[in-house]
Amino acid sequence: MKNHFFSHLIEIDALHVELEDMDLSDTEKEDIKKLIDESIYHTVLDAVLSELSEEDKKIFLSHLVGDEHQKIWDFVNGKVENIEEKIIKAA
């Protein structure tokens, strides 16, 4: 999984390990891993964006596009109470 601003909160290595034990081609395994990663990413983005105002969404997305993890955390922690718990719950 690509390192995202929330990667330290969500552990999916166990899923990847279990997937390796399945009777699937390497291509199928990689496709499933990609689907898992993308699904979690979109779920987390939805959870965060649903907590922000329209103006705050723009700021959040600008930090996200810039891949500025610390700025993202500083921003969302200042705007959303218990954001880490909400991300974990959503994922």
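The first residue of the sequence shown is numbered 1, and numbering continues consecutively from there.
- Under the side chain to side chain contact (heavy atoms under 4.5 Å, CB included) criterion, L19 pairs with M22, L24, K29, I32, K33, not counting sequence neighbours.
- For residues 81-91, the side-chain hydrogen bond (donor to acceptor under 3.5 Å, both in side chains) pairs, not counting sequence neighbours, are E51-K86.
- Residue I40 comes nearest to A91 through the heavy atom pair CG2-CB, 4.4 Å, listed as atom of the first residue, atom of the second, then distance.
- Taking E55 as the reference, S53, K58 meet the side chain to side chain contact (heavy atoms under 4.5 Å, CB included) condition, with sequence neighbours excluded.
- Summarising the geometry, atom OG belonging to S7 is positioned 9.0 Å from atom CG belonging to D37; distances are rounded to the nearest 0.5 Å.
- For T27, the side-chain hydrogen bond (donor to acceptor under 3.5 Å, both in side chains) test picks out no residue, with sequence neighbours left out.
- In this structure, the side chain to side chain contact (heavy atoms under 4.5 Å, CB included) partners of K57, at least two apart in sequence or on a different chain, are L49, L52, E54.
- Closest heavy-atom contact between F75 and D56: CE2-O, 3.4 Å.
- Across all their heavy atoms, I72 and L64 have their closest contact at CD1-CA, 3.7 Å.
- Between H63 and W73, the distance separating the two ring centers is not shorter than 6.0 angstrom.
- Listed by chain and number, the residues in a side chain to side chain contact (heavy atoms under 4.5 Å, CB included) with S50 amount to none (sequence neighbours excluded).
- Aromatic ring pairs are classed by plane angle as parallel below 30°, tilted from 30° to 60° and perpendicular above 60°; the pair F5 and F60 is perpendicular.
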